Number of protein chains: 2
Amino acid sequence: MAKAYEEIADELRAQIRAGRLGPGDRLPSESDLVRTTGRSGPTVQQALRVLQAEGLIEKQHGRGTFVRRPRTPIERTNARHQWEKDRARAPERQRLGTGATERDTGLGVDDLVFHAAYREIGASKEIAAALGVAEGTALVERTYRTRYSAERNPFSLVTSLLIRDLVQQNPDLLDETKEPWPGGTWNQLLTVGIEIDRVEERVTARPPTVEEADELGLPPGTSVLVLRKTLYDTDDRIVEMSDVTLPGDRTEMLFTTHLERW
Amino acid sequence: MAKAYEEIADELRAQIRAGRLGPGDRLPSESDLVRTTGRSGPTVQQALRVLQAEGLIEKQHGRGTFVRRPRTPIERTNARHQWEKDRARAPERQRLGTGATERDTGLGVDDLVFHAAYREIGASKEIAAALGVAEGTALVERTYRTRYSAERNPFSLVTSLLIRDLVQQNPDLLDETKEPWPGGTWNQLLTVGIEIDRVEERVTARPPTVEEADELGLPPGTSVLVLRKTLYDTDDRIVEMSDVTLPGDRTEMLFTTHLERW
DNA sequence: GAGTGGTCTAGACCACTGT
DNA sequence: CAGTGGTCTAGACCACTCC
């Protein structure tokens with residue numbers, strides 16, 4: 001015999017999948033479910049917890065439990081890289097009004113709120129290995145938060161690392177007050193004579209940490225996409241590495257790979 | 001004041017992050033925690049549930065609660081596409097002994113167990129839109145499961161769709177008993193004169209459904225990576241679309257984008 | 001104030017693991 | 001068999017939302 005909370009969860013899940021309960025609809029209240037199922041409060045709650053962990057429902061304290069509504073997706077393509085490279089050499093006037101995020105979202109600079117902070121750190125063992133430098137090497141750690149001006153939470157958490165020796169010949173690159181930098185990282189690197197040859201992106205997925213869920217405003221039952229982006233210059237050196245955390249329920253990454261013709 | 005279960009969870013999380021509790025270590029038993037914290041059983045359980053949802057711990061009925069151990073990752077690169085394209089034209093002898101999965105995992109054919117099933121379906125509205133065909137168009141739906149022979153669960157769930165009209169001139173392509181096909185889908189398509197020009201991959205992340213968690217053997221507190229791969233031929237037609245579900249805790253996808261030189 | 005979900009208690013019994 | 005986590009009950013009180 002199935003467990004009581006599973007029976008309740010199965011019943012509700014079936015109703016959602018069949019469309020009898022659609023996105024945004026309110027589920028029966030917990031006390032209703034206690035009455036109709038003849039089960040205790042905690043048992044009903046466990047059933048709802050299961051559905052919440054699956055990302056099917058969302059509880060709203062004091063209002064009720066609702067079928068989760070899909071969020072408007074943000075698309076992020078790898079065509080952006082060639083676009084960013086080209087833009088790095090564009091005249092400043094052109095670089096000012098637009099960034100890669102604006103390109104992804106189709107929005108203007110005014111619709112987005114941008115925040116950056118710089119800090120100098122020494123490379124930890126793990127980071128040193130990933131960057132191919134010695135442990136303790138001086139790095140510039142830059143953290144970025146970007147959000148829609150209409151929303152409370154950022155839609156990505158970015159930590160970027162530069163090797164200080166490579167960039168310090170331009171002191172502006174160590175100064176966070178110069179952000180947002182027209183033309184972004186790619187233009188910053190150009191000012192110290194660096195051209196990017198290729199981008200490597202490593203993607204994994206996992207549940208958010210409490211801190212990530214908090215910063216991104218993620219409800220229970222969502223995942224994050226974790227992207228580690230590495231920029232290689234034309235001498236095959238790693239010149240930047242960044243970790244990007246994206247909400248899994250609203251991010252779609254599109255990678256296009258072109259192949260040689262026969 | 002913080003909630004009781006959060007205090008307990010915070011304390012244990014801090015111990016794990018500090019390394020005082022390492023991967024594979026057993027946590028204090030629930031009854032121990034009831035004694036040491038002076039809280040009730042359900043409260044302690046809720047604290048552990050929080051950590052489980054974060055993917056930090058794993059409960060084993062009758063044995064105890066353990067710090068989650070990272071699983072051996074499977075890497076999947078987009079360099080595989082050019083490799084698959086090249087292999088599609090290789091002599092059969094060469095195609096027999098190796099596939100893209102073997103390439104990704106570095107294993108031989110004997111270490112992997114392969115299963116395929118074919119079915120004919122009509123295109124649903126959603127699928128028709130994604131494939132760019134009319135609703136109801138005849139499709140060949142192929143489902144694949146591949147697992148390590150040493151493990152019980154497959155490491156990916158694949159559903160592939162072909163447009164029947166495009167492939168039926170070679171009846172072997174409608175016959176699941178011809179699987180595993182040497183040279184895979186790319187060679188199958190070559191037999192009906194199709195050359196692939198580019199691959200589009202859309203990646204998102206979410207918690208697994210119950211069915212996915214069951215098939216992939218995923219413990220609570222893991223996510224799945226969902227990949228929708230679309231193959232375009234040299235006439236810019238969509239010739240295959242597949243949905244791949246991968247365990248987020250053991251899959252790393254690597255995408256390399258090469259850029260034009262200045 | 002009525003209705004909702006959130007937290008917590010005290011305790012019972014079951015199911016699984018290892019000795 | 002002892003120890004572990006899994007399920008379930010009956011009920012209390014709190015916190016939030018909306019009217």
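None of these values were measured; they are calculated from a predicted model. These values consider heavy atoms only, across backbone and side chains, with no hydrogens, waters or symmetry-generated copies. So you know, we letter chains A, B, ... as the sequences are listed, proteins then strands, and number each from 1.
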Can you find a pair of side-chain heavy atoms, one from A:Thr256 and one from A:Thr77, that are under 4.5 Å apart?
no
When you get a sec, tell me which of C:dC8, C:dT4, D:dG5 is the closest nucleotide to the side chain of B:Thr43?
C:dC8
May I ask you to say what A:Arg26 touches in the nucleic acid, namely base, sugar-phosphate or nothing, with a heavy-atom cut-off under 4.0 Å?
sugar-phosphate
Separation of B:Glu58 atom CD from D:dT4 atom P, in whole Å?
18 Å
Measure CG/A:Leu27 against C1'/C:dG3 and give the value in whole Å, please.
16 Å
Starting at CD of B:Glu30 and ending at P of C:dA10, how long is that distance when rounded to a whole Å?
17 Å
Nucleotide N/O of nucleotides 17-19 of chain C paired with protein N/O under 3.5 Å:
{"residue": "C:dG18", "atom": "OP1", "partner": "B:Arg63", "partner atom": "NH1", "Å": "3.4"}

Taking only side-chain nitrogens and oxygens of B:Arg39, does any of them come within less than 4.0 Å of OP1 or OP2 of C:dC8?
no
Residues A:Tyr118 and A:Glu179: side-chain donor-acceptor under 3.5 angstrom:
yes
Side-chain contact check for B:Thr65: nearest option of D:dT7, D:dG5, C:dT7 is D:dG5
Which listed nucleotide (C:dT7, D:dC8, C:dG5) is nearest to the side chain of B:Gln46?
C:dT7
Once you round it to whole Å, what is the distance between P of D:dT9 and CZ of A:Arg35?
16 Å
Does A:Pro28 or B:Gly38 map to a spot on DNA chain C nearer the 5' end, using the closest nucleotide for each?
A:Pro28
B:Arg69 atom CZ, over 12 foreign heavy atoms within 6.0 Å
no
Taking 4.0 angstrom as the limit, do A:Lys59 and A:Glu30 come out as a salt bridge?
yes
Quick one: is D:dT4 close enough that its OP1 or OP2 comes under 4.0 Å of any side-chain N or O from B:Lys59?
no
Respond yes when some side-chain nitrogen or oxygen of B:Ser31 is under 4.0 Å from OP1 or OP2 of D:dT4, and no when none is.
yes
When you measure from the side-chain N and O atoms of B:Lys3 to the phosphate of C:dC8, is any distance below 4.0 Å, counting only OP1 and OP2?
no
Minimum-distance nucleotide to B:Tyr5 side chain [options: D:dA10, C:dC8, D:dT7]
C:dC8
Look at A:Ser29 and C:dT4 and indicate whether a side-chain polar atom (N or O) is within less than 4.0 Å of OP1 or OP2.
yes
With a 4.0 Å cut-off, would you call A:Glu7 and A:Arg13 a salt bridge?
no
Taking the side chain as everything from C-beta on, heavy atoms only, tell me whether A:Val244 gets closer than 4.5 Å to A:Thr159.
no
Hydrogens and angles aside, do A:Ser223 and B:Ser223 bring a side-chain donor and acceptor to less than 3.5 Å of each other?
yes
Rounded to whole Å, CD of A:Glu7 lies from P of D:dT7 at a distance of 13 Å
Heavy atoms under 4.0 Å, any strand shown: does A:Gln45 hit a base, just sugar-phosphate, or nothing?
base
Can you tell me if B:Glu240 and B:Ser160 form a side-chain donor-acceptor pair at under 3.5 Å?
yes
What integer distance in Å separates A:Arg49:CZ from C:dC8:P?
13 Å
Given DNA chain D, 5'-ward residue of the pair A:Pro42 and B:Gln52, judged by closest heavy atom
B:Gln52
The side chain of B:Ser40 is closest to which nucleotide in this list: D:dT4, C:dG11, C:dC8?
C:dC8
